[in-house]
Engineer: 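One structure, pasted below without further comment.
In what follows, every chain begins at residue 1, and chains take the letters A, B, ... in the order their sequences are listed. If you're wondering where the values come from, they're calculated on a predicted model, not measured in any experiment. Keep in mind that the numbers below use all heavy atoms, side chains included, and drop hydrogens, waters and symmetry copies.
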Protein chains: 2
Amino acid sequence: MGDTGGGTPRERYRAQVRSEIKAHAWEQLATAGASALSLNAIARQMGLSGPALYRYFAGRDELITELVRDAYRSLADTLRAAGAAGPDLPALAHALRGWALQDPQRYFLVYGTPVPGYHAPDDITAIAREIMATLLDACAALPPGGPARPFDTHLAEHGKWADGHPAGPATLHRALTFWTRLHGLLSLELAGHFTGMGFDPALFFAAELDDLIGPPQD
Amino acid sequence: MGDTGGGTPRERYRAQVRSEIKAHAWEQLATAGASALSLNAIARQMGLSGPALYRYFAGRDELITELVRDAYRSLADTLRAAGAAGPDLPALAHALRGWALQDPQRYFLVYGTPVPGYHAPDDITAIAREIMATLLDACAALPPGGPARPFDTHLAEHGKWADGHPAGPATLHRALTFWTRLHGLLSLELAGHFTGMGFDPALFFAAELDDLIGPPQD
DNA sequence: TGCGTTCGTTAGAAGTTGTAACGCATCGCG
DNA sequence: CGCGATGCGTTACAACTTCTAACGAACGCA
C-alpha cells in the first residue's frame, strides 16, 4: 500500500495525480458508464482546469485504455488468488461472479460492447491469456467428464490459443464453455435483463456451474 | 414494401424522412458504434442542417431508443419466422446466430453494455417477452431431457416471467440456458474475443447447441 | 384564394475534446 | 547556495457536439 518510494519526487507526484485521476474516473464510470466519462468533469472535481489533465493522459482514449488495463489486471489477480490454494473451479466461478457484481461497469469494460475500430494493446491481450491459463489450470484438475465429443477433435487441431499449456482437448472444451456460459449469464444479469423475471440469478448461476463440473452423465 | 398510402401527404413525407434518418443512423452504427452516432453527421449526409432533424426526433436519445425498438422488432420477427414451420430449436438458434452476425452492433444494441440510468419503455419489454415466448414454444416441443434438477423446483415457484405460457419448469430451465449460453458465445464472438484463438466459432456454437438439445445422458 | 400548420433555416448557448502559448514553481546540478 | 532546465497549471482558442429560439418560406386543406 504505502509504496511512496517510487523515485524522484516529480515521478512520485505524477504517479499520485495519475492514480487520483483514475479514481475519479472509476467513480464516474460506475455511476454513468464509460460513454459519459468526461475529462473536464474529472478536472472540475479535482479543482483544476480542463487541459491540465493532458499532462497525465494523452487523451480520453488513453485514459480509458488504462482503465481497461487495470480492470483486466484486477480480474486476473482475483482469479489467480481464488486458484492459489489449489485448482478449484467453483472457487474460480464465485470469484468471477463476485468481481462482476462488485462493479458491473468494470465488467463491461472488459467483456462489454466493443468499439469497432479499437484494438487492444499487446500487454492487455497478454493478461487475457493469463486469465485463460488460470482457467485451464482449474479445468485440468477436474475429474474427466463424459465421452469425447466432436468439437474436442476440432480443438485438438485448432487449439493454438492454449499453446504451452499441457491440457487435453476435453479440458480446452471445458474451459471454453466455462467462460462463455458464465459470461452469458453474468452479462445478462448485470445488464438487468433478468429483473422482473422472478427467479434468483445466484441459483441459476449455481445450476450452470453444477452442469459444468459434473454434467448429468448417468 | 410499397406502403406509400399512409394518410395525408405530410404524414407520408414525415414517415419517409424519419426512415431515411434511421437508415443513415444504422449505417453509422454499424461502422462506428452507438457512442459515435452523431445527429449532425446524419444531417450533413442528408444535405440539410443540424437542427432540422429535431423536427423528427426529440433528440439523440429518442433516435437511439427508436433504433433499439427496431432491433428488438427485427429479432422477434426473425425468430418468429424461424419457428413458423413448427417449433424447431436448432432453426431458432441458427436464425439467432445469423441475425447477430449480420450486424454485430445491432446485436449489441439489444444485448450489449447498458447505460446505467436508462430504462426501456414498456413496448420494448413487451417485444422482449414475445421473444421469450417464441423460445419457450420451441423448448416445449423438445423431447424431455434428463432428470429434474434443483433449479427446476425454484423456477416452478419463481417463474412469474413465463406467465400465461403452459410450460413446465424443465422447459423454462431449458429456455433460460438456451438464452444465456448462446448469448455468451455470440457476445464474445462478436466482440472479437475469439480472434486469434484458432478454433471455429461456428463449430463451438454447434457443439453448445447439441448440448442444449440432447444433453449427454447415457 | 387564403390561412394555418409544418418545415428548414440561421443564430446562439452550453457542453465536450484537444492544441498552443505563456508564467511560475520546483527539482537537480554545479 | 544559486542558477538553469524541466515540468506543471493556467488562459485562450479552434472544432466539434447536442439542443433551443426565432424567423421565413413552402405546403396542404378548406
Engineer: Please give me the minimum heavy-atom distance between A:Ala34 and A:Leu109, naming the atom from each residue.
Structural biologist: CB-CD1, 4.2 Å

Engineer: Specify the separation, in whole Å, of atom CZ of A:Arg14 and atom C1' of D:dT6.
Structural biologist: 12 Å

Engineer: Could you tell me the separation between the CZ atom of A:Arg18 and the C1' atom of D:dG7, rounded to a whole number of Å?
Structural biologist: 15 Å

Engineer: Test of understanding: with ring-ring contact (aromatic ring centres under 6.0 Å, His included), list the residues that count as partners of A:Tyr72, not counting sequence neighbours.
Structural biologist: none

Engineer: Determine whether B:Phe204 and B:Glu208 make a side-chain contact, defined as any pair of heavy atoms from C-beta on separated by less than 4.5 Å.
Structural biologist: yes

Engineer: Please report the distance, rounded to the nearest Å, between CG in B:Leu63 and C1' in D:dT17.
Structural biologist: 15 Å

Engineer: Return the value, rounded to whole Å, for the distance between atom CG of B:Leu39 and atom P of D:dC19.
Structural biologist: 6 Å

Engineer: Decide yes or no for A:Phe199 and A:Leu203: does some side-chain heavy atom of the first lie under 4.5 Å from some side-chain heavy atom of the second?
Structural biologist: no

Engineer: Output all residues satisfying ring-ring contact (aromatic ring centres under 6.0 Å, His included) with B:His158, sequence neighbours left out; order by chain, then residue number.
Structural biologist: B:His154

Engineer: Determine, for nucleotides 22-30 of chain D in 5'-to-3' order, which nucleotides have protein heavy atoms under 4.0 Å from the base (write B), from only the sugar-phosphate (write S), or from neither (write -).
Structural biologist: B---BB-S-

Engineer: May I have the distance from B:Leu53 (atom CG) to D:dT17 (atom P), rounded to whole angstrom?
Structural biologist: 12 Å

Engineer: What pairs with A:Trp161 under side chain to side chain donor-acceptor pair (under 3.5 Å), at least two apart in sequence or on another chain?
Structural biologist: none

Engineer: Nearest whole Å is fine: how far is D:dT10 C1' from A:Arg44 CZ?
Structural biologist: 17 Å

Engineer: Can you tell me the distance, in whole Å, between the CG atom of A:Asn40 and the P atom of D:dC13?
Structural biologist: 17 Å

Engineer: Hey, does the side chain of B:Ser38 come within less than 4.0 Å of D:dT17's phosphate (OP1/OP2), counting only N and O?
Structural biologist: yes

Engineer: For A:Tyr56, report the nucleic acid contact type (base, sugar-phosphate, nothing); a contact means any heavy atom under 4.0 Å.
Structural biologist: sugar-phosphate

Engineer: For a 4.0 angstrom threshold against heavy atoms of chain A, report the outermost contacting nucleotides of DNA chain C in 5' to 3' order.
Structural biologist: C:dT16 to C:dG28

Engineer: Looking at residues at least two apart in the chain, or sitting in another chain, which of them share a side-chain contact (heavy atoms from CB on, under 4.5 Å) with A:Asp137?
Structural biologist: A:His165

Engineer: Starting at the 5' end of DNA chain D, which residue's closest nucleotide do you reach first, B:Ala41 or A:Tyr13?
Structural biologist: A:Tyr13

Engineer: Going by side-chain hydrogen bond (donor to acceptor under 3.5 Å, both in side chains), A:Arg181 matches just one of B:Thr180, B:Asp211, B:Thr177. Which one?
Structural biologist: B:Asp211

Engineer: What pair of heavy atoms forms the shortest contact from A:Gly112 to B:Ala191, and how long is it?
Structural biologist: O-CB, 4.4 Å

Engineer: Atom CD of A:Glu11 and atom C1' of D:dG7: how far apart are they, to the nearest Å?
Structural biologist: 12 Å

